[in-house]
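Down below is the structure, laid out as structure tokens.
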Amino acid sequence: MQTENLNLKKSLVMQSFAPLFLLLTIKHLDFKLYWNLVCKFISTFVKRGTVAFSIALNHSSFGGFVVSFMGIFWLLLTIAIALGFNGMQKAGFKAVGEKIIIEEEPNDSSATFLVTYVLPLLTDDVESVRGLIVFLTILIMVIMLLTSSNTFYQNPVLAAMKYRTFSFKFLNPANDIAHSDRVYIGITHGVPIVEDTVIKRKYISDGVFVIYND
């Protein structure tokens with residue numbers, strides 16, 4: 001029985017929204033404006049206490065400020081996840097003499113992911129508090145949806161890092177493969193997988209493996 005790596009799955013889901021927050025950061029980030037806002041907030045807070053929070057919430061640039069801050073944090077998190085995903089290739093693989101047959105190698109899954117999940121969120125109004133709340137609510141719902149599905153492998157950041165995805169079947173599955181006839185999803189990097197050659201694998205979740213030729 002395969003052990004799921006749910007933390008890695010959630011990390012890849014979070015990483016897949018990096019293009020969205022990169023674009024939102026470019027769209028809304030204004031260092032000079034936000035520095036003035038922070039200084040004004042501190043000054044008002046010192047003089048008038050919690051009234052400063054009400055003033056900040058009603059400022060026309062509050063939503064853009066929050067999204068810009070989130071974007072920078074999200075992008076830093078994406079870099080950390082990318083480094084971690086790259087590093088995980090060095091340990092934890094299982095090689096038991098298995099071979100696979102590749103069913104399909106789709107090349108548009110990342111584009112579909114961007115058009116379906118990422119770009120619609122880019123058009124949302126985040127300047128007002130109400131618009132920001134709606135945006136964050138939809139984002140959380142989409143992340144929950146992706147976490148409960150196996151579409152996380154369509155991650156556009158992985159595609160940008162030259163990872164490839166494909167569907168495959170095991171020719172001689174080991175005992176821990178419960179469904180020998182099932183079509184699984186493989187993620188690989190570098191040299192393409194050669195069929196009829198022994199592979200090594202690492203399970204992520206929902207029938208998705210990281211696979212290399214042994």
Counterpart residues, side-chain hydrogen bond (donor to acceptor under 3.5 Å, both in side chains), relative to [X] (two or more places apart):
X	answer
Gln154	none
Thr25	none
Thr188	none

Quiz item: Are Val134 and Leu24 in one and the same hydrophobic cluster, where Ile, Leu, Val, Met, Phe, Trp and Tyr link if side-chain heavy atoms are under 4.5 Å apart?
Solution: yes

Self-check item: Distance in Å, Ile187 CD1 paired with Thr165 OG1, rounded so as to fall on 0.5 Å steps
Solution: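 Atom-to-atom, Ile187:CD1 and Thr165:OG1 are 7.0 Å apart.
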
Exercise. Kindly say whether Leu145 contributes a backbone atom to a donor-acceptor pair with the side chain of Ser148 at under 3.5 angstrom?
Key: yes

If you look only at distance, which donor and acceptor atoms sit under 3.5 Å apart when one is on a side chain in residues 95-102 and the other is two or more places apart or in another chain?
unit_1, atom_1, unit_2, atom_2, d
Glu98, OE1, Arg201, NE, 2.6
Glu98, OE1, Arg201, NH2, 3.3
Glu98, OE2, Ala174, N, 2.8
Glu98, OE2, Arg201, NE, 3.4
Glu98, OE2, Arg201, NH2, 3.1

Quiz item: Should side-chain heavy atoms under 4.5 Å link Ile, Leu, Val, Met, Phe, Trp and Tyr, which residues sit in the same cluster as Val198?
Solution: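 Cluster partners of Val198: none, it stands alone.
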
Quiz item: Under a single-linkage rule joining Ile, Leu, Val, Met, Phe, Trp and Tyr whose side-chain heavy atoms are separated by less than 4.5 Å, which residues share a cluster with Ile140?
Solution: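 Ile140 shares its hydrophobic cluster with Met144.
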
Compile the donor-acceptor pairs under 3.5 Å between side chains in residues 63-85 and protein atoms, sequence neighbours left out, one pair per line.
unit_1, atom_1, unit_2, atom_2, d
Ser68, OG, Leu29, N, 3.4
Ser68, OG, Gly64, O, 2.8
Trp74, NE1, Met14, O, 2.6
Thr78, OG1, Trp74, O, 2.9

Self-check item: Residues forming a side chain to side chain contact (heavy atoms under 4.5 Å, CB included) with Pro19, sequence neighbours excluded
Solution: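 Applying side chain to side chain contact (heavy atoms under 4.5 Å, CB included) to Pro19 gives Leu114, Pro156, Val157.
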
Quiz item: Please, which pairs that meet salt bridge (charged side-chain N to carboxylate O under 4.0 Å, His left out) have at least one residue in residues 5-26, sequence neighbours excluded?
Solution: Lys9-Asp206

Quiz item: Excluding sequence neighbours, so at least two apart, what forms ring-ring contact (aromatic ring centres under 6.0 Å, His included) with Phe166?
Solution: Phe168

Practice problem: Mind checking ring-ring contact (aromatic ring centres under 6.0 Å, His included) for Phe152 and listing every partner two or more places apart, or none if nothing turns up? | Solution: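 With sequence neighbours excluded, Phe152 shows a ring-ring contact (aromatic ring centres under 6.0 Å, His included) to no residue whatsoever.
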
